[in-house]
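For reference, the structure is listed below as structure tokens.
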Amino acid sequence: MSMFKRSNTKNSAESQAVLAELALKNIHDGVIITDKSGVIQFINPAAVTMTECGSADKAIGLDYGLLLKLETKEGRELSETENPLIQAMNTNQPLENCQVCLIASQSDKRIPICISVLPVDGLGQNRIITFRNITKELAEEGEQTEFISTASHEMRTPVATIDGYLSLALNPQTATIDARAQGYLTAAQKASKHLGKLFQDLLDVTKLDDGKIKPHFEPVEMNDLVRSISSDFIPRAEEAKLNFTFGSNNSINFGENRQMHQVVYGFVDTNFMREIMDNLIENAIKYTPAGGSIYVNVRGDGDRVLINVTDTGIGISADDLGHIFQKFYRADNSDTRTIGGTGLGLYLVKQRAEAMGGRVWAESAFGEGSTFFVSLPRITSDEYEKRMIVVRNQQIQAQQQTRPPQPQVSAAPVQPVTQPAASSAQSPAPVAAQSVPIPPAQPTSPIPQVSPPPSPAPPVQSPPAVPPTPQPIQYQTNNNLNGVQQ
Ligand code: ADP
């Protein structure tokens, strides 16, 4: 007979409650139940241990935020808008298996956890928060990642060699083969190229997982950044006979007809942004038949930057839509079967976006095209200016550190220098506010000037000029921003 089988005795409800309590007391997962305003009503022993709150009695009646202090897996502080737990609690939305770090209140220890939130209509509106220590899982995953990374790295070299020899065999100037052999070797080369791409994608994906790369955040104007990346795809889109547009509505083209765009600032890793956009636009091109259209757009949405890549291509079925961001997942239908791919691109997009505090999702209807969204934290123009000054000061410091030792100025008489001062005698020119290449001619430049450019140094008399030490600049508000700030 099942343990939970209903008995007819009037004590059955009580015994069920006892069993439920027994389970909650003994499971290794932390369980916290709050009321609708987030005040803790129940906490199980595993949650008491993990949060280091002392005892259930001390925790009950407190706000959940006092116990569940989170940061990212990578150890980055989470702002309120980035914090998935706060977002789920505030919006009464479920949260499923989100990986973050819990900061234990007494020891300040970081515990990697997988956290979920379930809103329920219990006694009033309650939220059930469950979380699991995933230290062991991550260690195992780390070993796997290390293995995949090493194997991919080692296998890339022989695959490149095979590809090289196949190219030689297929080149009429270096080899003579009959038509049948050419067919076989062409097929072999296609497969070796696929293998090469697979190893490269695997390496890219594992680099972040095994900590070989970390996001390097920079303040940037997102419209300029995304437009610059997107414009690299114009030739590919033209070749595929696709109409490729960037802008907030379909009338703005990459060509002459540029309009003023909304200025939206982000704090992102520009390499990660390139990888995200490359994968999304490459997919849009790959999965859209000739004659179709692709639109890329960036806009501010409250405290988020929202990027979308929309295409009028083959679309994704509802069944596949829930899986496409998983590693190696490829929708399998007559359209996709003939289109090559590794199933790792969207996983990489998700991974990179999440490492920057972002989120990705897709909307699509089979046969009717797709839209991929990337939402990232947005910063205000004031924050952008402040961060730009930090960047600029770091660059000045780096310049100072790499400068060769200054020559000693001798007291002996020195011949007058008749030439104007060499450029090294000037203060370093202000570093361009944006470190990413931006294509020309937006009607407005959203980049604030943090300091006036230095005036050319006057001709220097002896002794030879010792370059003045550049001074870090102080923050000052500059409202003279062009563009439209929402
Ligand atoms: P792949 O290398 O197979 O393109 P991705 O991870 O980039 O791998 O994409 C996973 C799957 O999602 C693809 O195999 C494809 O079925 C589907 N997909 C991705 N982007 C699009 C798109 N723009 N239109 C239709 N299907 C898409």
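Both ligands and their constituent atoms are indexed starting at 1 by order of listing.
At least one N or O atom of G345 sits closer than 3.5 Å to an N or O atom of ligand 1. For the pair G340 and ligand 1, the shortest N or O to N or O distance does not fall below 3.5 Å. When only interatomic distances are considered, the shortest N/O to N/O separation between I314 and ligand 1 does not fall below 3.5 Å. The shortest N/O to N/O separation between L346 and ligand 1 falls below 3.5 Å.
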Next item on the list: Please assess E140 against K136 for the test side-chain contact (heavy atoms from CB on, under 4.5 Å), listing each intermediate value before the final yes or no.
Entry: CA-CA 6 Å; E140 282 165 8; K136 216 169 138 208; 4.1 Å; yes
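Side chains of R76 and E71 form no contact here, defined as non-hydrogen atoms less than 4.5 Å apart. In this structure, the side chains of N223 and V263 stay at 4.5 Å or more apart for every pair of heavy atoms. Residues L346 and Y329 have side chains not in contact (no heavy-atom distance under 4.5 Å, counting atoms from C-beta outward). Looking at heavy atoms from C-beta onward, F42 lies in side-chain contact with L24 at the 4.5 angstrom threshold. In this structure, F372 and F325 have side chains that are in contact, with non-hydrogen atoms separated by less than 4.5 Å.
When atom types are taken as modelled, the side chain of D269 and the backbone of H216 share a donor-acceptor pair closer than 3.5 angstrom.
Counting only heavy atoms of the protein, atom 17 (C) of ligand 1 lies nearest to I324 CG2, 4.1 Å. Among all protein heavy atoms, the one lying closest to atom 3 (O) of ligand 1 is R330 NE, 2.4 Å. The single protein non-hydrogen atom nearest to atom 21 (C) of ligand 1 is Y287 CD1, 3.4 Å, given as residue, atom name and distance. Of the protein's non-hydrogen atoms, Y329 O, 3.3 Å is the one closest to atom 10 (C) of ligand 1. Shortest contact from atom 23 (N) of ligand 1 to any protein heavy atom: D311 OD2, 2.9 Å. Among all non-hydrogen protein atoms, the one lying nearest atom 26 (N) of ligand 1 is I316 CG1, 3.3 Å. Closest to atom 7 (O) of ligand 1 among all protein heavy atoms lies N283 ND2, 2.8 Å.
For ligand 1, the atoms closer than 4.0 angstrom to any heavy atom of L344 are 6 (O), 8 (O). Residue contact check: G315 has heavy atoms under 4.0 Å from atoms 25 (C) of ligand 1. Which parts of ligand 1 touch A331 is read off a 4.0 Å heavy-atom cut-off, strictly below it: atoms 14 (O), 16 (O).
Side-chain N/O atoms of D319 and S317 include no donor and acceptor closer than 3.5 Å.
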For residues 151-162, run the donor-acceptor check on the side chains, cut-off 3.5 Å, and write out each pair with its distance to 0.1 Å, sequence neighbours left out.
from: S152; atom 1: OG; to: I148; atom 2: O; distance (Å): 2.6
from: R156; atom 1: NH1; to: Q200; atom 2: OE1; distance (Å): 2.7
from: T161; atom 1: OG1; to: T157; atom 2: O; distance (Å): 2.9

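In this structure, S370 counts as a contact residue of ligand 1, since one of its heavy atoms falls inside 4.0 Å of the ligand. Residue-ligand proximity: T342 is placed with a non-hydrogen atom under 4.0 Å from ligand 1. Under the 4.0 angstrom criterion for non-hydrogen atoms, K286 is in contact with ligand 1. Contact between F325 and ligand 1 is absent, with no heavy atom of the residue lying under 4.0 Å from the ligand.
A cation-pi arrangement is present between R387 and F267 under the rule of less than 6.0 angstrom and at most 45 degrees off the ring axis.
A salt bridge does not link D278 with R352: every distance from a Lys NZ or Arg NE/NH1/NH2 to an Asp or Glu carboxylate oxygen is 4.0 Å or more.
A distance of 11.0 Å separates OH in Y64 from CD1 in I32, rounded to the nearest 0.5 Å.
Of the candidates G343, G341, G369, it is G343 that places a heavy atom closest to atom 8 (O) of ligand 1.
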